[in-house]
Amino acid sequence: MARKLTSPVITAESKAFFDAARAGKFTIPVCTACGKAHWYPRAICPFCSGEHVEWREASGKGTIYTFSVMRRVKEPYAIAHVTLAEGPTMLTNLVDCDFDKLRIGQAVSVVFQNSENGTPVPMFKPV
Ligand SMILES: [Zn+2]
């Protein structure tokens with residue numbers, strides 16, 4: 001895929017995610033008080049306001065909640081919401097696939113692609 005990926009802005013709340021991603025690990029924040037995972041990264045749990053959130057390695061598996069294919073550009077791409085096996089839904093891209101064969105509910109797994117400055121960005125491909 002030749003499409004250039006804008007590098008993500010790394011914040012205090014997302015730094016741990018990208019550090020792990022550089023090591024090839026897909027992690028998500030999990031609240032130690034209520035046990036729920038969430039996305040996007042936040043220091044305070046959005047479910048119970050717990051202040052103890054830790055990063056845990058996730059399965060990298062999910063299903064397509066919805067998607068849209070952008071075709072009127074030089075390098076077509078598919079943007080999607082993917083619901084992770086651990087619960088949260090992530091805004092992402094679908095890659096390494098035939099866009100005409102994508103469907104809602106399809107099983108996908110994470111794959112990292114490097115953005116312009118080399119920071120890996122999580123995307124998903126059909127399994
Ligand atoms: Zn919580």
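Order of listing sets the numbers, starting from 1, for every ligand and every atom in it. Nothing here was measured: the structure is a model prediction, and the numbers come from that model.
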Row check, Phe18 ring normal vs Arg22 NZ/CZ: under 6.0 Å, within 45°: no

Relative to the Zn ion (ligand 1), how many protein N, O or S atoms have a separation of less than 2.8 Å? 4

Examine Tyr65 and Val69 and state if one hydrophobic cluster contains both, with Ile, Leu, Val, Met, Phe, Trp and Tyr joined whenever side-chain heavy atoms are less than 4.5 Å apart. no

Below 4.5 Å, heavy atoms only, C-beta onward: do Phe67 and Gln106 meet side chain to side chain? no

Determine, using the 4.5 Å side-chain heavy-atom cutoff (strictly less than), whether Ile104 and Leu94 are members of one ILVMFWY cluster. yes

So which of Leu84, Val110, Val82, Ile64 actually passes side chain to side chain contact (heavy atoms under 4.5 Å, CB included) with Thr92? Val82

Closest non-hydrogen contact found for Gly60 with Phe124 is O-CE2, 3.7 Å

